[in-house]
Trainee: 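Would you mind keeping the following structure in view while I ask a few things?
No hydrogens, no waters, no symmetry mates; every other heavy atom, side chains included, goes into these values.
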Amino acid sequence: MSNKNKTYNRKKVVVLFFFCAVTFFLLFVRLIDLMIFQSGYYTDKSTQLHERERSIKAARGRILDRNGIVLADNKTVCTISVIHSQIEDKEAVISFLSRKLELSEDFVRKRVEKYSSMERIRSNVPKELGDEIREADLPGVKVDEDYKRYYPYDALASKVLGFTGGDNQGIIGLEVIYDEVLSGEEGTILTLTDAAGIELEAASEHRKEPVPGNDLVISMDYNIQSYATQLAKQVMATKEADRVSLIVMNPQNGEIMAMVDVPEFNLNEPYTLTPEYEALRAKEEARKQAAKEAKAARNAGEESAEETEPEKPKSEEELRQEKLNGMWRNGCINDTYEPGSTFKVITAAAALETGCVTLSDTFSCPGFIVVDDRRIRCHKVGGHGAEDFTKGICNSCNPVFVTLGLRVGADRYYDCLKQFGLLERTGVDLPGEAGTIMHQKDAIGNVELATMSFGQSFQITPLQLATTVSSLVNGGRRITPHLAVKAVDEKGTQVESFEKQSGRQIVSEETSETMQMLLEKVVSEGGGSKAQIEGYSIGGKTATSQTLPRGSGRYIASFVGFSPADDPEVLALVVIHSPQGTYYGGQIAAPVIRQLFENVLPYLEK
């Protein structure tokens, strides 16, 4: 072999050797990197491949009334799951679980045979049954403890408290507004498995304990709420009314002590339509059908009658959901109505605050008043004759308040409504609050102003009326109605406060004191006399308004009252929808507040 070839071969060996040396060096460096510098990363990766994570539900915080009575609590329940890779006797598991959980074998089989890390069979299983399944010790069957919301008093304050869904998150009411306060933090259980997915008995499990939610303390008083509910049900039954709303609050700070809107529903079975609501729904449907037939009869034979397209039929599920939404609605805040004569409190305050009336001003009521081309009647057909302002409010005389409205004028009256807070929502800590339905300022003519002055041609919520009257008689400070007072941890230590500070001064203290005096006379000398209680000073105002559309023959009777009259500490409003027989507020609504105060005032030591 020539020297030239030997030299060439030697170079190839050197290059190959160098290449191999570099390769091995790089592999060695990479090995060092993996074994030392990245060992933690790959250890975690390996662990994750063989770890199974299960959540531990956190106990949801309770809801307590002002005295510590539990209104919303938790029950321990179980979630039953299966792990496919760990099941040894598939048929035994299917038979056992379908029998114990009262499920079809097909349902259980689909989940048992599904290739997944863990498959849930059923949740919210009673703890006793969960313990029984756990004791059977079937490989592949897991029993985890969970929590289910429980309401000790069933339907009490159902539309205020609200309820939770299957994931234990709030759906309506306080449960949804304060969901973050009540929820807590879930914990976890980590267990190691082999390559087949079977848990290693020798390996210890790692637990991260759950953090329970905070308790919510609210201003509601269980005893007042219970009695208010009893009264509302009683008047609903005796007067065959559609609905009854009743609010009790502290007019000084806006704390709501009771809020009732019957018919209510069972919080422990929120998806079950109640017979009372079903009956109300049927009544409403009958009215709609009658109105439709009456309209068709009026249009019969008229060539110009408008043809309307038939409504698209709703599915059973849509109809059911619509019914549930209706059953869950809180009429105190979600619905509006024409307040009628209780709104004369606002008109009187506006007139006093703007200097448009004094207590000595005199008026004449012939039984009606003419505004532009409209003849507006007084409820007393023969009229009240000559009367001063005090007598006018005691008589609830429409011509007096129409006169006051016209004196104030559309611009100033609208500005007063805005100043009083009536054109904005109250800010109550409940979902779905409706706003006031009011004329636009530039659309208020003399007739609109006249009807507004005695509570017609616009709509507000019952809570808005109660809040505004509270603000006018508490010294003139606008308040924010609310239920939540504070959040406390499991040891009872306060972690958050929800107290509301009084807002702006909406009328002078002088105007507020005058309104206290006038409304006390309404009860002691006027139409609110059936709210009188011996030994107590009560202020208030009655109302009887017609349900829309006009001519329906249905009415709304209401009364707003407060005590003590000269320094209000309790205010209550009752609204009775479509009572049968006598429907005047002074006759059927005022006695409800009297009965309420006869029990509540001594209880509160007022």
Trainee: Answer with yes or no whether the side chains of Asn334 and Lys159 bring together a donor and an acceptor at under 3.5 Å.
Mentor: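 The answer is no; no qualifying pair exists.
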
Trainee: Specify the closest pair of heavy atoms between Val570 and Pro251, including all atoms of both residues, with the distance to one decimal.
Mentor: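 For Val570 and Pro251, the tightest heavy-atom pair comes out as N-CD, 3.6 Å.
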
Trainee: Does atom CD of Glu316 have more than 12 heavy-atom neighbours from other groups under 6.0 Å away?
Mentor: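 Count not over threshold, so no.
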
Trainee: Is a side-chain donor-acceptor pair under 3.5 Å present for Thr426 with Glu433?
Mentor: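 Thr426 and Glu433 do have a side-chain donor-acceptor pair below 3.5 Å.
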
Trainee: Determine whether the aromatic ring centres of residues Tyr178 and Phe498 are separated by less than 6.0 angstrom.
Mentor: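 Yes: the rings meet the under 6.0 Å criterion.
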
Trainee: If you count the non-hydrogen atoms of other residues, nucleotides and ligands that lie under 6.0 Å from CD in Glu285, is the total more than 12?
Mentor: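 Enclosed: over 12 neighbouring heavy atoms sit under 6.0 Å from CD of Glu285.
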
Trainee: Could you check whether Asp221 and Asn67, counting side-chain N and O atoms only, form a donor-acceptor pair closer than 3.5 Å?
Mentor: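 Yes, a side-chain donor-acceptor pair sits under 3.5 Å.
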
Trainee: Would you say Lys75 has more than 12 foreign heavy atoms packed within less than 6.0 Å of its NZ?
Mentor: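 No, NZ of Lys75 has 12 or fewer neighbouring heavy atoms, counting only those of other groups under 6.0 Å.
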
Trainee: One thing to verify: whether Lys486 and Glu499 come together as a salt bridge, which I'm taking to mean a side-chain N less than 4.0 angstrom from a carboxylate O.
Mentor: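 Looking at Glu499 and Lys486, the cut-off is not met.
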
Trainee: Any salt bridge between Asp73 and Arg62, counting N to O under 4.0 Å?
Mentor: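 No, this pair does not count.
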
Trainee: Hey, what's the ring geometry for Tyr222 with Tyr153, parallel, tilted or perpendicular (30° and 60° as the breaks)?
Mentor: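 The arrangement is tilted - the two ring planes meet at 30° to 60°.
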
Trainee: Is a side-chain donor-acceptor pair under 3.5 Å present for Arg477 with Ser502?
Mentor: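 Their side chains do contain a donor-acceptor pair, which is all the 3.5 Å distance test asks for.
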
Trainee: Distance only, no hydrogens: is a donor on one side chain within 3.5 Å (strictly under) of an acceptor on the other, for Ser457 and His439?
Mentor: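 Indeed, the side chains of Ser457 and His439 share at least one donor-acceptor pair under 3.5 Å.
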
Trainee: Is there a donor in the side chain of Thr229 and an acceptor in the side chain of Ser226, or the other way round, less than 3.5 Å apart?
Mentor: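 Checked: Thr229/Ser226 side chains show no N/O donor-acceptor pair below 3.5 Å.
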
Trainee: Would one find more than 12 heavy atoms of other residues, nucleotides or ligands at under 6.0 Å from atom CD of Glu598?
Mentor: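 Check passes, neighbour count above 12.
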
Trainee: By the definition side chain to side chain donor-acceptor pair (under 3.5 Å), identify the one residue from Thr461, Thr468, Thr467 that meets it with Gln464.
Mentor: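 That would be Thr468; it is the only one of Thr461, Thr468, Thr467 passing the side chain to side chain donor-acceptor pair (under 3.5 Å) with Gln464.
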
Trainee: Looking only at side-chain N and O atoms, does Tyr337 offer a donor or acceptor that is under 3.5 Å from a partner on Ser558?
Mentor: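 Absent: no donor and acceptor within the cut-off.
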
Trainee: Judged by modelled atom types alone, do Ser341 and Lys344 share a side-chain donor-acceptor pair under 3.5 Å?
Mentor: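 A donor-acceptor contact under 3.5 Å links the two side chains.
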
Trainee: Can you find a side-chain donor-acceptor pair between Arg504 and Gln419 that sits under 3.5 Å?
Mentor: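 On atom types as modelled, these side chains do not qualify, holding no pair under 3.5 Å.
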
Trainee: With no hydrogens and no angle check, do the side chains of Gln169 and Thr164 hold a donor and an acceptor under 3.5 Å apart?
Mentor: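 Absent: no donor and acceptor within the cut-off.
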
Trainee: Hey, are Asn268 and Asp154 close enough side-chain-wise for a donor-acceptor pair under 3.5 Å?
Mentor: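 Yes, Asn268 and Asp154 have a side-chain donor paired with an acceptor closer than 3.5 Å.
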
Trainee: Looking at CD of Glu387 and CD1 of Ile393, how far apart are the two atoms once the value is rounded to the nearest 0.5 Å?
Mentor: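 Interatomic distance, Glu387 CD to Ile393 CD1, rounded to 0.5 Å: 11.5 Å.
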
